[in-house]
There are 2 protein chains.
Amino acid sequence: METTRGAERQRTAAERRRRELLEAADRVVLRDGPQASMNAIAAEAGITKPILYRHFGDKGGLYRALAKRHTDALLSALRAALDAPSERRERVEATLDTYLAAIEARPQVYRFLMHPSDDAAPSPEQGFDVGRHSAPLLRRLGEELGKVIVERVDLGPESEQMARIWGHGIVGMMHAAGDWWLGDRPCSREQLVRSLADLLWGRLAEAGDLPGGQGF
Amino acid sequence: METTRGAERQRTAAERRRRELLEAADRVVLRDGPQASMNAIAAEAGITKPILYRHFGDKGGLYRALAKRHTDALLSALRAALDAPSERRERVEATLDTYLAAIEARPQVYRFLMHPSDDAAPSPEQGFDVGRHSAPLLRRLGEELGKVIVERVDLGPESEQMARIWGHGIVGMMHAAGDWWLGDRPCSREQLVRSLADLLWGRLAEAGDLPGGQGF
DNA sequence: ATATCCCCGTTACTAGCGGTAACAACAGTC
DNA sequence: GACTGTTGTTACCGCTAGTAACGGGGATAT
């Protein structure tokens, strides 16, 4: 009765295959961007389409699996920066810098993560399904940051609601500024990090109005 | 020689037609979301595809024309809120609220503006063309806000750079928080607005650490 | 009046996409 | 040796964006 051992071996073989396919998909996405076709990915992996579909269900499945790898990697790097033993402002700057360094190092990956090209659920459900459409990575980062805030910062009553709002807000700030910065590169990474941290540290409230017309 | 008058009339007729087509496209996008097909739009307008292509070049052209209308409308509403004669904090809150009210009122439009479904330039240029991929609306809002900040807020030296960074950062914060909020609706709009304004007003810097573990 | 030109509109097509059905070949199990 | 499950194939479906190629009608020029 070799059933269990055989099944085991088969399972691990399937998992290894799955990893190979993911790596091939990775290469293609890195080369062709998020609109890489299933045909191209299959060709890169040296096989044909139906195998991909057997492993991942549909294109959304493959992309979700692919995104999870990168998201997990980025998330753990951010967690490390967020857990460093230093002052709050320093940690915030380190986290911003970690994120920006990551997207700077591999812009194609970043682009794929943020723009899965209308992945997953085609969801023929009409009506207002406006949730989930922005990249899942942003949502996840926002939720995680919200958790960190609620458990470390004293925000008084209603702190949980506000912490989640702040989590998503700060992540969005980081993302939008990073996206813009990555396009034109108008300044150094350090300056960007410092400016964003300044914004979070209330410099907008402290700054005086400029003469001529009402202030901001 | 009726040449000029004839050409004139013809031009205005073409422009009226174009507006009609855009309105039909608007209805379809509002109903089907950003993945509305050219066939569906043509059918809604009561004509066939090639006419659309003659008017707008390609799908990206149509979507850009469509997006410009909504973007302009939203932008002018935001400008009005930003120019109100009151205190800075109040103006910031009013602007946030205007944006959130807009996306709340017509989520499908909002979704279309943010996710043009890989529009426009297929740009076969490989390499790092990571600019421009996030919705043009966000970029435009960020730039506009940056301009407003640089001309109204006293940020000392390097103020222009910092103002642009802040513009994109604040817009991104607003967008991400709004997107998340629109999905789960975890709180009222007022509360969201107040929390985001609090964040911009430096409450993160002022808040104390919570006991148990390092602070944020 | 006739011929010219230009624009609106059509039908019919291409190439490529995501996804699937049907079938072939090989493994290990009974 | 028969059976079963996995791995792989080819050939197809329905859809999409986009494009000829052609027909008809109204204004213009002679």
Mind listing the side-chain donor-acceptor pairs of residues 42-56 of chain B below 3.5 Å, one per line with the distance, residues two or more places apart or on another chain?
residue : atom : partner : partner atom : Å
B:Glu44 : OE1  : B:Arg31 : NH2          : 3.1
B:Glu44 : OE2  : B:Arg27 : NE           : 2.7
B:Glu44 : OE2  : B:Arg27 : NH2          : 3.2

B:Pro50 side-chain proximity, nearest of D:dT19, C:dA21, C:dG9: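 Nucleotide nearest to B:Pro50's side chain: D:dT19.
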
Inter- and intrachain pairs under salt bridge (charged side-chain N to carboxylate O under 4.0 Å, His left out), touching residues 159-176 of chain A, at least two apart: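 The answer is A:Glu143-A:Arg164.
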
Could you tell me how far apart [X] ([atom1]) and [N] ([atom2]) are, to the nearest whole angstrom?
X       : N      : atom1 : atom2 : answer
B:Phe56 : D:dT19 : CZ    : P     : 15 Å
B:Arg18 : C:dC8  : CZ    : P     : 13 Å
B:Leu52 : D:dT19 : CG    : P     : 13 Å
A:Ile51 : C:dA22 : CD1   : P     : 19 Å
A:Arg16 : D:dT7  : CZ    : C1'   : 14 Å

Which residues satisfy the salt bridge (Lys or Arg N to Asp or Glu O under 4.0 Å) test with A:Arg19, sequence neighbours excluded?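 Here no residue qualifies.
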
I'd like to know if [X] pairs up with [Y] as an ion pair, taking the criterion as any Lys NZ or Arg NE/NH1/NH2 lying under 4.0 Å from an Asp or Glu carboxylate oxygen.
X        : Y        : answer
A:Arg18  : A:Glu15  : no
B:Arg194 : A:Glu158 : no
A:Arg139 : A:Glu144 : no

May I ask you to say what B:Arg54 touches in the nucleic acid, namely base, sugar-phosphate or nothing, with a heavy-atom cut-off under 4.0 Å?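 It contacts base atoms.
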
Compute both the distance and the angle, then confirm whether B:Arg89 meets the cation-pi test with B:Trp201: under 6.0 Å from the six-membered ring centre, within 45 degrees of the axis.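 B:Arg89 over B:Trp201 ring: yes.
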
Look at the rings of A:Trp180 and B:His168 and say which category their plane angle falls in: under 30° parallel, 30 to 60° tilted, over 60° perpendicular.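 Taking B:His168 first and then A:Trp180, their aromatic rings lie parallel (interplane angle under 30°).
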
Results of side chain to side chain donor-acceptor pair (under 3.5 Å) for B:Arg140 - residues two or more places apart only: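 So B:Arg140 forms a side chain to side chain donor-acceptor pair (under 3.5 Å) with B:Asp72.
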
Would you list the protein and nucleotides 16-18 of chain C atom pairs, both N or O, that sit under 3.5 Å from each other?
residue : atom : partner : partner atom : Å
C:dG18  : OP1  : A:Lys59 : NZ           : 2.4
C:dG18  : OP2  : A:Met38 : N            : 3.0
C:dG18  : N7   : A:Lys49 : NZ           : 3.3

Counting a pair only when it is Watson-Crick or G-U and both distances are under 3.5 Å, which runs of at least 3 such pairs involve DNA chain C?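 Looking at DNA chain C, the stems formed by three or more consecutive pairs are C:1-30 with D:1-30.
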
Check whether any side-chain nitrogen or oxygen of A:Thr48 sits under 4.0 Å from OP1 or OP2 of D:dT9, and answer yes or no.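 So the side chain of A:Thr48 is within the cut-off, an N or O lying under 4.0 Å from OP1 or OP2 of D:dT9.
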
